[in-house]
S.K.: 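Sharing a structure here in structure tokens format.
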Protein chains: 2
Amino acid sequence: MPRRARPARKRRAAETTAAAARVFAERGYHGATTQDIADVLGIRQASLYYYFRSKEAALEEVCLDGVGAYVARAAAIMRGPGSAADKLAQLVRHHIAPWRDRADFTRVFLRERHNLPDASRHRVGRYARRYERIFQQVLEAGVAAGEFRRDLDCRIATLGAIGMCNAASAWYGVEPGATLERIAGVFAALLLEGVRTPMMRRTSARSGARRRG
Amino acid sequence: MPRRARPARKRRAAETTAAAARVFAERGYHGATTQDIADVLGIRQASLYYYFRSKEAALEEVCLDGVGAYVARAAAIMRGPGSAADKLAQLVRHHIAPWRDRADFTRVFLRERHNLPDASRHRVGRYARRYERIFQQVLEAGVAAGEFRRDLDCRIATLGAIGMCNAASAWYGVEPGATLERIAGVFAALLLEGVRTPMMRRTSARSGARRRG
DNA sequence: TGCGGATTCTATCGCGGTATAGAATGGAGC
DNA sequence: GCTCCATTCTATACCGCGATAGAATCCGCA
């Protein structure tokens, strides 16, 4: 097993992607220069091109890095046990949780992916759409089960919920007192109450979903 | 009244700002070139500099254009008559309404203002903070009046609500069936229910807010 | 027709940014 | 020590963009 250089390269490649994520997150794709990324790594600008063949390729790498796992975990929540309300709360928590140590990647994915050329933008966008669908399916299941309001517009509610969560990525870390737990708690409460069937409330909520025969 | 050239110039200046807004909205500040803006207007790139002295100045102009009135109207809603719930619904509607014909300006304000140099960014940011405060005050008034949940974290709820509304600017016009009225309706319902005091519901909500004096 | 201000033009400077070519370095294993 | 390969380097081509200078044009009005 004379493998040694390969893992080293892999590790360095991950560092490179992380550096790109950080710089893109800070200055935006067009505002960031390859020189900036090189500075973070302590190497020369031209040396970057050993790791990616263009700036756009670096952006795609950052955007794709992690979202796969992201979507997979959301799907697991959807398929898992629990009421629709439980799942919604889990989704919100799960959506926000990764920001603790991967905020850069999330921000770049959210705010810079539209700078990608068509082909890779579509590749990346597929994940976003799949994620939305999962979210929406949870809401629809809740409506079908009578947990959520029958007249709920699941599509727009989904986009609203995701948008609310995403927006927090802009001020998390800046807004004092806004920990991830607190944000997730407030948002989950807001959405759950906002979505719930009017009559069954708190008092009867414990017994689960009835109504709908 | 020998005024003729002055109004002409004014009109052209507004067109220039609108062109900049459109281009910045489409490609992002750094992704847009002054040439792109000139193309929209059908003039030469250098001719733009008759209207603004730098690209950054154009961005600031776009960002400031209209937000003053925006904040003023929100303040009017806050000070006006009605329950906190009414006001919240009005705020949501008012927040989304201008997108019909001024979507570019809003998008640029939301997504590009961070590219401004410090001085103008602070000038622009002041409006955003004032707007947030208005929104938050309405929520706090609702809590004080007993309309909204006592345990509501008004700060985070405010940021969440605004974030939800703002996010819609990204997909309004793309998402089929998502008219402004529909979006506003769904969001308002979501937020109102999410914020309301558990006991008093629908039935007693119409009688409005008393209690407080 | 000619004045004068507003507007747009041509021409160009100079910088900074992406990307390529090919040489140098450095460490693991024979 | 020598080889091989990964990694990083130096040097540079190339171009697009923002901005300036100053001339030309357009137009209302006396």
Side-chain angles (χ1 to χ4, degrees), chain A residues 1-63 108 112 115-117 119-120, chain B residues 1-63 108 112 115-117 119-120:
Chain A
M1 302 75 187
R3 287 295 144 79
R4 210 56 179 37
R6 199 54 65 95
R9 174 176 182 177
K10 283 281 180 199
R11 197 180 57 235
R12 196 60 162 143
E15 279 171 25
T16 306
T17 311
R22 187 165 126 202
V23 173
F24 288 157
E26 266 171 20
R27 325 201 176 185
Y29 175 70
H30 287 292
T33 69
T34 51
Q35 182 65 60
D36 295 332
I37 303 175
D39 288 346
V40 170
L41 293 163
I43 61 176
R44 302 279 158 174
Q45 178 262 344
S47 305
L48 280 179
Y49 285 77
Y50 178 72
Y51 291 101
F52 48 71
R53 64 177 148 13
S54 71
K55 197 187 172 192
E56 281 174 345
L59 176 58
E60 180 176 354
E61 212 169 291
V62 172
C63 286
V108 172
E112 307 297 335
N115 290 307
L116 287 168
S120 32
Chain B
M1 298 80 185
R3 287 295 144 83
R4 210 52 177 43
R6 200 52 69 94
R9 174 178 182 175
K10 284 281 182 199
R11 197 180 56 234
R12 196 64 162 138
E15 280 171 26
T16 306
T17 311
R22 188 165 125 201
V23 172
F24 288 158
E26 266 172 20
R27 324 199 177 187
Y29 175 71
H30 287 293
T33 70
T34 52
Q35 181 65 62
D36 295 332
I37 303 175
D39 288 346
V40 170
L41 293 164
I43 62 176
R44 303 278 159 175
Q45 178 260 345
S47 304
L48 280 178
Y49 285 77
Y50 177 72
Y51 291 101
F52 48 70
R53 63 176 151 9
S54 72
K55 196 186 170 192
E56 280 173 346
L59 177 59
E60 179 175 355
E61 212 169 291
V62 172
C63 286
V108 172
E112 307 298 336
N115 290 307
L116 287 168
S120 31

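Computation of the quantities below employed the complete heavy-atom set of this structure, encompassing side-chain atoms and omitting hydrogens, waters and symmetry-equivalent molecules. Given the structure is predicted, the values throughout are model-derived calculations rather than measurements.
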S.K.: Do the side chains of Val23(B) and Asp39(B) get nearer than 4.5 Å, heavy atoms only?
M.R.: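 Side-chain contact under 4.5 Å: no.
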S.K.: Output the rounded distance in Å from CD (Glu15(B)) to P (dA6(C)).
M.R.: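 Checked: the CD to P distance equals 18 Å.
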S.K.: From OH of Tyr51(A) over to C1' of dT20(C), roughly how many Å is that when rounded to an integer?
M.R.: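 The distance from OH of Tyr51(A) to C1' of dT20(C) comes to 18 Å, rounded to the nearest Å.
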S.K.: Scan Ala57(B) against the nucleic acid and name what it touches under 4.0 Å (heavy atoms): base, sugar-phosphate only, or nothing.
M.R.: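 Answer is nothing: Ala57(B) stays at 4.0 Å or more from every strand.
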S.K.: Within the pair Arg12(A) and dT8(D), is there a side-chain N or O less than 4.0 Å away from OP1 or OP2?
M.R.: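 Arg12(A) to dT8(D) OP1/OP2: side-chain N or O found under 4.0 Å.
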S.K.: Counting heavy atoms from C-beta on, name the nucleotide in dT18(C), dG18(D), dT8(D) closest to the side chain of Tyr50(A).
M.R.: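 Per side-chain heavy atoms of Tyr50(A), the pick is dT8(D).
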S.K.: Taking all heavy atoms of Ala25(B) and all of Val108(B), pick out the closest pair and write down the distance.
M.R.: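 Heavy atoms of Ala25(B) and Val108(B) come nearest at N-CG2, 3.5 Å.
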S.K.: For the pair made of CZ in Phe24(B) and C1' in dC17(D), what is the distance, rounded to whole Å?
M.R.: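 Distance, rounded to whole Å: 13 Å.
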S.K.: Just verifying a value: how many Å separate His30(A) NE2 and Asn115(A) CG, rounded to the nearest 0.5 Å?
M.R.: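 Nearest 0.5 Å value for the NE2-CG distance: 4.0 Å.
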S.K.: Starting from P on dG17(C), measure out to CG on Leu59(A) and report it in whole angstrom.
M.R.: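 After rounding, the gap between these two atoms is 18 Å.
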S.K.: Where the side chain of Lys55(A) meets the backbone of Thr33(A), is there a donor-acceptor pair that is under 3.5 Å apart?
M.R.: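 Side chain of Lys55(A) to backbone of Thr33(A), a donor-acceptor pair under 3.5 Å: no, none is there.
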S.K.: Would you classify Ala58(B) as touching base, sugar-phosphate or nothing, given that sugar-phosphate means primed atoms plus P, OP1 and OP2, and contacts are heavy atoms under 4.0 Å?
M.R.: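 The answer is nothing, as Ala58(B) stays clear of every strand by at least 4.0 Å.
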S.K.: Using a 3.5 Å distance criterion without hydrogens, assess whether the side chain of Thr16(B) forms a donor-acceptor pair with backbone atoms of Arg12(B).
M.R.: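 Yes, Thr16(B) side chain to Arg12(B) backbone: donor-acceptor pair under 3.5 Å.
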S.K.: Pull out every residue in residues 34-49 of chain A that has a heavy atom closer than 4.0 Å to any atom of DNA chain D, ordered by number, or say none.
M.R.: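 Ile43(A), Arg44(A), Ala46(A), Ser47(A) - these, ordered by number, are the residues of the stretch whose heavy atoms sit under 4.0 Å from the strand.
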S.K.: By nearest heavy atom, map Thr33(A) and Arg53(A) onto DNA chain C; which one lands nearer the 5' end?
M.R.: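 On the 5' side of the pair lies Thr33(A).
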S.K.: Examine distances only and state if a side-chain atom of Tyr29(A) and a backbone atom of Glu56(A) form a donor-acceptor pair shorter than 3.5 Å.
M.R.: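 Present.
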